[in-house]
S.K.: 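Here you go, one structure.
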Protein chains: 2
Amino acid sequence: MADRPYHHGDLRRELLRQAAGMIEEVGPARVSLRELARRAGVSHAAPAHHFGDKTGLLTAIATEGFHLLADQLTEALKGTGDFLEVGVAYVEFAVTHRAHFEVMFRPDLYEPDDADVRAARQRSTTALQSGISAASPEATGPDARTASLAAWSMVHGFASLWITGALPTSLGSDAAAAARQVAGVLTLGPRGTGRHSAQRTDDERAAAPR
Amino acid sequence: MADRPYHHGDLRRELLRQAAGMIEEVGPARVSLRELARRAGVSHAAPAHHFGDKTGLLTAIATEGFHLLADQLTEALKGTGDFLEVGVAYVEFAVTHRAHFEVMFRPDLYEPDDADVRAARQRSTTALQSGISAASPEATGPDARTASLAAWSMVHGFASLWITGALPTSLGSDAAAAARQVAGVLTLGPRGTGRHSAQRTDDERAAAPR
DNA sequence: GGTCAAATCTAGCCATCGTCAAGTTCTCGG
DNA sequence: CCGAGAACTTGACGATGGCTAGATTTGACC
């Protein structure tokens with residue numbers, strides 16, 4: 001078993017990588033530190049050294065996830081300034097980082113009051129909210145808050161349903177395109193800046209980037 | 001241990017009840033047949049007799065959940081004919097039957113191709129869809145489908161976020177009222193029949209039934 | 001070149017769980 | 001009233017997993 005050098009170099013990162021893959025396969029609850037160690041090719045006690053216990057591992061994953069989400073959202077906002085694209089980025093994140101996404105919104109599995117995870121979560125919520133307020137700058141106060149929650153609910157719901165496979169297969173396999181189409185139904189603000197309903201249903205998906 | 005009679009009467013129903021409570025406490029993945037038996041006051045092998053294994057138990061819960069959801073949706077549709085209330089009913093179901101809801105949308109935990117659960121799921125999806133098409137009867141074809149998915153995504157997302165405690169506490173504790181407010185942002189169809197945005201934010205919540 | 005702390009391993013304890021096999025008690029149709 | 005089968009129990013086995021303790025290696029720094 002001395003193929004690998006004693007010091008892995010960056011075992012922590014490798015463990016997080018393997019854990020993500022494992023979660024995608026068997027779900028966040030069925031991860032075991034021993035199996036994780038097996039996959040990483042280290043002893044069964046090594047993970048505990050880095051994360052303490054299973055809760056610690058999932059807390060680390062959630063933290064990483066919130067940071068990744070925040071990055072992706074702010075980048076989408078910078079690029080287009082359009083809320084729609086921020087929503088699409090949300091869905092895209094959920095699909096490409098399914099493991100993280102699943103953990104992030106299951107606070108019973110990790111330590112939601114951990115300082116790091118709190119900060120990371122804060123980052124992503126402000127990113128999302130600024131994306132929404134950019135879409136309807138006129139709206140303020142409770143009106144804006146409600147619109148914000150509606151938009152968040154929609155993209156979050158779409159992402160969840162997509163991941164669990166609950167959506168009809170007729171939507172195709174491109175989650176981002178489908179999300180763009182569905183989220184376009186939502187018109188934000190007194191005069192919606194989002195696109196109206198769906199004149200352009202199928203050609204839009206065909207013309208969608210990627 | 002001979003307090004209870006040998007035959008429980010309707011142990012299967014009782015086990016489902018206890019399982020729901022257990023899931024609400026520890027999550028669907030951490031349920032154990034033994035602990036379930038303990039709570040029901042029966043021997044540790046009794047649950048296996050009824051459900052075979054854990055997958056069987058969760059399949060039964062999912063089936064029950066889809067039936068309950070279908071009932072609740074059709075009743076809401078009958079009562080008001082308004083889509084908004086169907087959406088609110090969706091959220092209300094998720095909150096009052098959190099355990100069922102959590103299982104239903106985690107198909108990796110049960111047997112999603114089971115005949116019973118398929119039929120039950122079919123019931124609830126048609127109920128939801130007929131509620132949405134009732135809101136915008138003019139829309140047909142892909143337009144209607146997109147609107148339907150948007151509405152579903154929104155109420156599903158709101159319910160999920162509410163359940164996981166991700167939503168701001170300022171929303172209060174009445175999920176149905178909050179859902180009614182948020183879902184009102186979504187205007188369906190070419191001329192939305194849903195209420196517009198949120199003029200009435202706080203007074204609506206105060207005046208909301210229940 | 002020696003020392004020290006962090007990183008990793010080996011070994012083992014204990015709890016829990018799923019499942020099987022075989023026994024016991026109830027119910028109900030004939 | 002009786003026999004068959006369903007409903008439940010008891011007991012035990014093997015697997016898995018979390019966690020701890022103590023040894024061992026390694027890189028870094030003086």
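Naming convention: chains lettered A, B, ... in sequence-line order (proteins, then strands); numbering from 1 in each chain.
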S.K.: Mind calculating the distance between CG (B:L15) and P (D:dA7) to the nearest angstrom?
M.R.: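 Nearest whole value for this atom pair: 12 Å.
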S.K.: Under 4.0 Å from any atom of DNA chain D, heavy atoms only: list the residues of residues 17-36 of chain B that qualify, in numerical order.
M.R.: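 When residues 17-36 of chain B is checked for heavy atoms under 4.0 Å from DNA chain D, the hits, listed by number, are B:R34.
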S.K.: Rounded to the Å, how far apart are A:R13 CZ and C:dA7 C1'?
M.R.: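 In whole Å, C:dA7 C1' and A:R13 CZ are 17 Å from each other.
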S.K.: Given the side-chain rings of A:H97 and A:F101, with only the six-membered ring counted for Trp, is the space between their centroids under 6.0 Å?
M.R.: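 Aromatic pair excluded; centres sit 6.0 Å or further apart.
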S.K.: Nearest whole Å is fine: how far is C:dG18 P from B:F51 CZ?
M.R.: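 Taking CZ of B:F51 and P of C:dG18, I get 14 Å after rounding.
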S.K.: Kindly say if B:H49 contacts the phosphate of D:dA7, meaning a side-chain N or O under 4.0 Å from OP1 or OP2.
M.R.: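 For D:dA7, OP1/OP2 do have a side-chain N/O of B:H49 under 4.0 Å.
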S.K.: If you look only at pairs with a residue in residues 10-24 of chain B, which of them pass as a side chain to side chain donor-acceptor pair (under 3.5 Å), with sequence neighbours excluded?
M.R.: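 Pairs touching residues 10-24 of chain B that pass the test: B:D10-B:R13, B:E14-B:R17, B:E14-B:Q18.
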S.K.: Hey, what's the ring geometry for A:F66 with A:F105, parallel, tilted or perpendicular (30° and 60° as the breaks)?
M.R.: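 Answer is perpendicular, since the angle exceeds 60°.
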S.K.: Salt-bridged, A:E35 to A:R38, with N to O below 4.0 Å?
M.R.: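 Result for this pair is yes, salt bridge flagged.
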S.K.: Side chain of B:R38, heavy atoms from C-beta onward: which of C:dC17, C:dT10, D:dC8 has the nearest atom to it?
M.R.: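 Nearest to the side chain of B:R38 among the choices is C:dC17.
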S.K.: Do you know which two heavy atoms are closest between A:E92 and A:A176, and how far apart they sit?
M.R.: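 Of all heavy-atom pairs spanning A:E92 and A:A176, the closest is OE2-CB, 3.7 Å.
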S.K.: Could you verify whether a donor N or O on one side chain and an acceptor N or O on the other, from A:T146 and B:Q181, lie under 3.5 Å apart?
M.R.: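 Side chains of A:T146 and B:Q181: pair found under 3.5 Å.
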S.K.: What's the angle between the local helix axes at either end of the helix from C:dG1-D:dC30 to C:dG30-D:dC1, using five pairs per end and rounding to 10 degrees?
M.R.: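 About 20° separates the two local helix axes.
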S.K.: Would you mind classifying the nucleic acid contact of A:H50 as base, sugar-phosphate or nothing, using non-hydrogen atoms under 4.0 angstrom?
M.R.: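 Result for A:H50 = sugar-phosphate.
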S.K.: Atom CG of A:L58 and atom P of D:dG18: how far apart are they, to the nearest Å?
M.R.: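 After rounding, the gap between these two atoms is 10 Å.
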S.K.: Side chain of A:D53: nearest nucleotide among D:dC19, D:dC8, D:dT20?
M.R.: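 Selected nucleotide: D:dC19.
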S.K.: Using whole Å, what does the distance between atom P of nucleotide D:dA7 and atom CD of B:E14 come to?
M.R.: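 Value for this atom pair: 16 Å.
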S.K.: Could you check whether A:A48 gets within reach of a base, just the sugar-phosphate, or nothing at all, counting any heavy atom under 4.0 Å?
M.R.: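 No contact.
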S.K.: Are A:F93 and A:H100 near enough that their ring centres are under 6.0 Å apart?
M.R.: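 Not under 6.0 Å, so no.
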S.K.: Using a strict threshold of under 4.0 Å (side-chain N to carboxylate O), is an ion pair present between A:R180 and A:E85?
M.R.: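 Salt bridge flag = yes for A:R180 with A:E85.
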S.K.: Between D:dC8, C:dT19, C:dA11, which nucleotide gets closest to the side-chain atoms of A:H44?
M.R.: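 Of the options given, the side chain of A:H44 lies nearest C:dA11.
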S.K.: Is A:W152 close to A:Y90 at the side-chain level, that is, under 4.5 Å between some pair of heavy atoms?
M.R.: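 SC-SC contact between A:Y90 and A:W152 confirmed.
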